[in-house]
Amino acid sequence: MINSKTIEYYQSYYGVYLSDYVGNSKAQDTRINYILAFIVICILLAAFAISKPIFAKTDTKDTIAQSEIQSTYDGSSYKEYIKEKYKNNIVNFPTTGVAHIKKVKYINSKPIKINIVELNTNTNPNLRIKPQIASTKLNSKSTIRKIAQKENATIAINGGFFKPQTGTPLGALMIEGKVLSGPIFNRVGIAIFEQGNKTTFKLDNIDFIINAYSKNHRIKIDNINQPRMLSTHTLLYTSDWGKSSPVAPKGGYNLLIRENRVVKLSANPIVLEENDYVLSANKETIIKLAKDKNVYIDLKLPTNLKGAKHIIGAGPYLVKDSEVFVDIKEEKLQAIGGKNPRSAIGYKKDGTFIIVTVDGREKASAGMTLFELAKLMKELGCEQAMNFDGGSSSALYVKGKIVNSAANKEGIAVSNALVVSELYPDKLTLSAI
């Protein structure tokens with residue numbers, strides 16, 4: 001810092017210096033060179049100071065935040081990032097923006113074989129993530145390989161819970177904006193949003209708002225295309241359920257609605273044609289609606305899920321807001337908490353989507369508890385994560401192969417899956433050139 005004494009010093013110094021300079025012409029030439037050199041140095045220093053602010057921000061928080069939300073890598077930088085993150089593990093790249101990692105983790109000196117898929121839709125905007133059912137109806141099953149091949153998928157993992165006898169999904173399922181089945185016990189699910197080439201995700205407890213309206217009545221519908229849990233519930237069955245509706249509850253009726261008109265009332269199963277739906281409820285509810293002749297169904301997503309293109313539910317939570325969060329009691333899933341083969345999904349703050357399977361029930365891999373799985377998902381950087389159906393259902397398909405130690409080598413037949421496909425823009429034809 002220049003203080004007042006320093007200023008006086010420079011004034012007195014240059015005063016004497018200039019008087020000597022004027023009286024000595026030889027010194028004049030030498031000293032003018034010094035002055036010019038001094039001026040040039042001052043200009044350079046001033047320019048450097050301007051280009052670098054005096055009060056440069058040294059707080060690293062903004063830098064860290066930017067690195068955390070970095071979401072766009074080109075193919076080569078994405079590969080370098082993955083190789084560095086998973087060095088000393090087996091890594092391959094099935095397609096641009098997708099990495100498959102095989103690793104072994106030890107817990108209490110016991111080995112656990114893990115398969116991880118990381119994918120980034122910003123690196124490869126052609127990637128699409130969606131649920132898929134085994135066939136055209138909900139009451140069907142198929143292997144992960146067959147489901148993946150039908151969708152021409154690069155990656156596929158088994159999805160939500162299902163009824164083993166029939167394949168009926170036991171939880172929320174919405175594909176391409178069409179609700180196929182409703183949630184159970186308000187369990188968690190993942191909603192997938194697509195806007196142009198941008199894909200985003202939201203993990204939350206799933207709920208659908210469904211009502212039946214007639215001229216004089218409004219009836220709350222408890223669920224859609226799910227097995228009956230209480231005789232007091234009013235359930236909606238669509239043609240996606242299967243060829244016919246279930247039997248009505250004891251003392252109740254099924255009401256067939258076609259093009260918003262009451263067609264048939266019966267206690268027995270009713271055959272479902274395309275776009276038909278059946279309301280199944282207690283006698284009083286059905287009679288009230290049937291008298292009005294016309295019945296309308298209104299189905300809405302809650303505000304936090306509006307705009308979602310796909311939804312798939314399972315549970316419980318594993319990671320919530322970057323912290324381990326396993327709500328097995330709230331989601332009534334205490335029975336599956338022990339060491340088992342596992343399937344899970346999650347996503348990071350930068351939008352990276354993570355898919356995981358854990359092998360279990362074998363000497364080479366002990367499996368994981370839900371809490372161990374939650375810790376793993378947090379270690380992988382997940383901001384939000386959830387459990388999928390596990391045990392013998394766990395199967396991970398990567399570019400033509402089942403890569404985990406699935407039951408029966410191919411995995412058992414399951415109800416639904418989450419698939420990752422690569423869609424390409426339409427190619428030009430000769431007529432378009």
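The analysis underlying the following values was restricted to heavy atoms, covering all of them including side chains, and did not include hydrogens, waters or symmetry mates.
A salt bridge is defined here as a Lys NZ or Arg NE, NH1 or NH2 lying under 4.0 Å from an Asp or Glu carboxylate O, and Lys113 with Glu362 meets this definition. Taking 4.0 Å as the cut-off between side-chain N and carboxylate O, Lys220 and Asp222 count as a salt-bridged pair. Salt-bridge annotation for Glu176 and Lys130: present, with a side-chain N of the basic residue lying under 4.0 Å from a carboxylate O of the acidic one.
Within the cation-pi definition used here (under 6.0 Å to the ring centroid, within 45° of the axis), Lys79 qualifies as a partner of Phe93.
Applying the 6.0 Å contact sphere to OH of Tyr253 captures no more than 12 heavy atoms from other residues, nucleotides or ligands. For CD of Glu259, the number of neighbouring non-hydrogen atoms (other residues, nucleotides, ligands) closer than 6.0 Å is 12 at most. Heavy-atom neighbours of Glu284 CD from other residues, nucleotides or ligands within 6.0 Å: at or below the threshold of 12. Counting non-hydrogen atoms of neighbouring residues, nucleotides and ligands closer than 6.0 angstrom, the NZ atom of Lys283 reaches no more than 12 such neighbours. Annotation: Lys243, atom NZ; neighbour count of heavy atoms from other residues, nucleotides and ligands within 6.0 Å does not exceed 12.
Asn387 places a side-chain N or O within 3.5 Å of a backbone atom of Gly315 that can act as its donor or acceptor partner. Between the side chain of Asn122 and the backbone N or O of Asn120, no donor-acceptor pair lies under 3.5 Å. No donor-acceptor pair under 3.5 Å is formed between the side chain of Thr168 and the backbone N or O of Asn139. Not one N or O on the side chain of Arg361 forms a donor-acceptor pair closer than 3.5 Å with the backbone of Pro341.
Screening Lys378, Lys339, Arg342 for a salt bridge (Lys or Arg N to Asp or Glu O under 4.0 Å) with Glu372, the sole residue that qualifies is Lys339.
In this structure, CD on Glu118 lies 6.5 Å from CG on Leu380, to the nearest 0.5 angstrom.
No hydrogens or angles considered: nothing links the side chains of Gln132 and Asn416 as a donor-acceptor pair under 3.5 Å. Side-chain atoms of Ser394 and Ser343 include a donor-acceptor pair closer than 3.5 Å.
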